[in-house]
Amino acid sequence: MPKSKKKRPAGGVKSWQARLTMDADQITAAFLSSLDVDSSLWQYDIAGSLAHARMLKEVGLLTAGEFRKINKGLMSIARDMDAGTLAMPIELEDIHMVIEKTLIDRTGQAGMKLHTGRSRNDQAATDLRLWARHSIHVLSQAVRDLQRALVDVARHQGRLVMPAYTHMQRAQPILAGHALLAYVEMLDRDHCRLAGTLKRLNVCPLGSGAVAGTSLPLDRRMTAQLLGFDGITRNSIDATSDRDFLADLCYCCAMIAVHLSRWAEDWIIQSSNEFGFVELSDAYCTSSSMMPQKKNADTLELIRAKGAGAIGSLAGLLALLKGLPLAYNRDMQDDKRFVMPAVAAVHQALVVARGIVATAKFNRQRIESDINAGFLDATSMAEYLVGKGVPFRKAHQIVGRLVSAAQANGKHLAELPLPALKAACEKFESDVRRYLGAANVVRRYRPEGSAGLAQLNKQLAYWKKELE
Ligand code: ARG
């Protein structure tokens, strides 16, 4: 049962709401509180407060003695937070007020001056930017690590000829490394996206106050510099109500998760009995509680699943922000409930993905045993005729008919006798054999970015330099 609202003298437990005469009941206090999610911001909150206090001292709003006390007090709070011993009553609403209230308890008058020229609105916006900056750093590292693992497999096992699929039907032969490096490309765009998000968000809102700034002579550039920001936000209204950078970060996470899910699906299929192309390490599989023979790719399935949460976070955050009038609204407190789980889940998925990749083996025997099924060399055969002056569309028709005939006789294109080829088109000579069979086709790929060995080596050299 919620305790009924109790009357109290002005200025009860919350030093910042003297104008209110009643405290919230327990359920309402819990409802108002964001401590369950924002307590993880404590390091950024303390860093922001230290910089703010230092600037207040420099502009003469704190004495050196007061600054020393605040500094010492914040450090002691940091130690307690680290040890997990700081009391965090939900009535204090959020981490910002827990830290300020504790500081006041420990330093008295000096602590009461910390919030000079500051609002929780610019404070929370600053903490979130610092948190997002750190998150981007951690995600970027994990993306890079996964890219390196993929490049490593491409270097050591990537010269294997395998089928590429379009529409999940056998299409053309490729080197395995080429497919692995396709994922490295996706992840590189993710890495770029994170860098772009970081560049945009790295400006400091402190000094914007609640919405309009302050009449006190704050040195915003000093605070920004102390916190490692590239500059300051230009407009106090926007600065206190902008959460675009969190939406950007959610999008980064959603996109990474989408890329990971595509890769996971690929490898779930390729590690199935039917394909048997990729062998996963037992360390990343689980078995069945009933079927003793099972080796399931559950880690890949869960990586595939993470996309749901990340996409949901992006949609949820956008829905939270849509229609909010200027400037700060309490709705924004819930921003963390979307972005924090997305970052955590995507980071975890990246780390596990790296382990899966680093321990996977391509099954050369299995892939090679069936490599000429599915007429992977049909396009190459048509291109042979193009080389003999046959217009491509015509060559396409000739080969299409030959594929049909070969299929009816259970043969590969390379097994059709020359007279049969000549009957289809007199331009066929015996040198067509050099264009047929998956290995021959891969050898013939010409333009940059194709799936052959020269292009693979070029890509490997590029990534070696880029990822070092
Ligand atoms: N916990 C709040 C948040 O994260 C802090 C801002 C509250 N500001 C206010 N004016 N009530 O959004």
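It should be emphasised that the depicted structure is a prediction, and the values quoted were computed from it without experimental measurement. Counting starts at 1 for both ligands and their atoms, in listed order.
At least one donor-acceptor pair closer than 3.5 Å links the side chain of K295 to the backbone N or O of L280. The backbone N or O of D219 sits less than 3.5 Å from a side-chain atom of T223, completing a donor-acceptor pair. Using a distance-only test at 3.5 Å, with no hydrogens or angles considered, a donor-acceptor pair links the side chain of Q157 to the main chain of F362.
Looking at every heavy atom in both residues, V203 comes nearest to R200 through CG2-O, 4.1 Å.
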I'd like a table of the close N/O pairs between ligand 1 and the protein (anything under 3.5 Å), one pair per line with both atom names and the distance.
{"from": "ligand 1", "atom 1": "1 (N)", "to": "S34", "atom 2": "OG", "distance (Å)": "3.4"}
{"from": "ligand 1", "atom 1": "1 (N)", "to": "D94", "atom 2": "OD2", "distance (Å)": "2.7"}
{"from": "ligand 1", "atom 1": "1 (N)", "to": "Q333", "atom 2": "OE1", "distance (Å)": "2.7"}
{"from": "ligand 1", "atom 1": "4 (O)", "to": "K336", "atom 2": "NZ", "distance (Å)": "3.0"}
{"from": "ligand 1", "atom 1": "8 (N)", "to": "N121", "atom 2": "OD1", "distance (Å)": "3.0"}
{"from": "ligand 1", "atom 1": "10 (N)", "to": "N121", "atom 2": "OD1", "distance (Å)": "3.2"}
{"from": "ligand 1", "atom 1": "12 (O)", "to": "Y328", "atom 2": "OH", "distance (Å)": "2.3"}

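For H96, the side chain to side chain donor-acceptor pair (under 3.5 Å) partners are D45, D127, not counting sequence neighbours.
Cation-pi geometry between R133 and F229 is met: under 6.0 angstrom from the ring centre, within 45 degrees of the axis.
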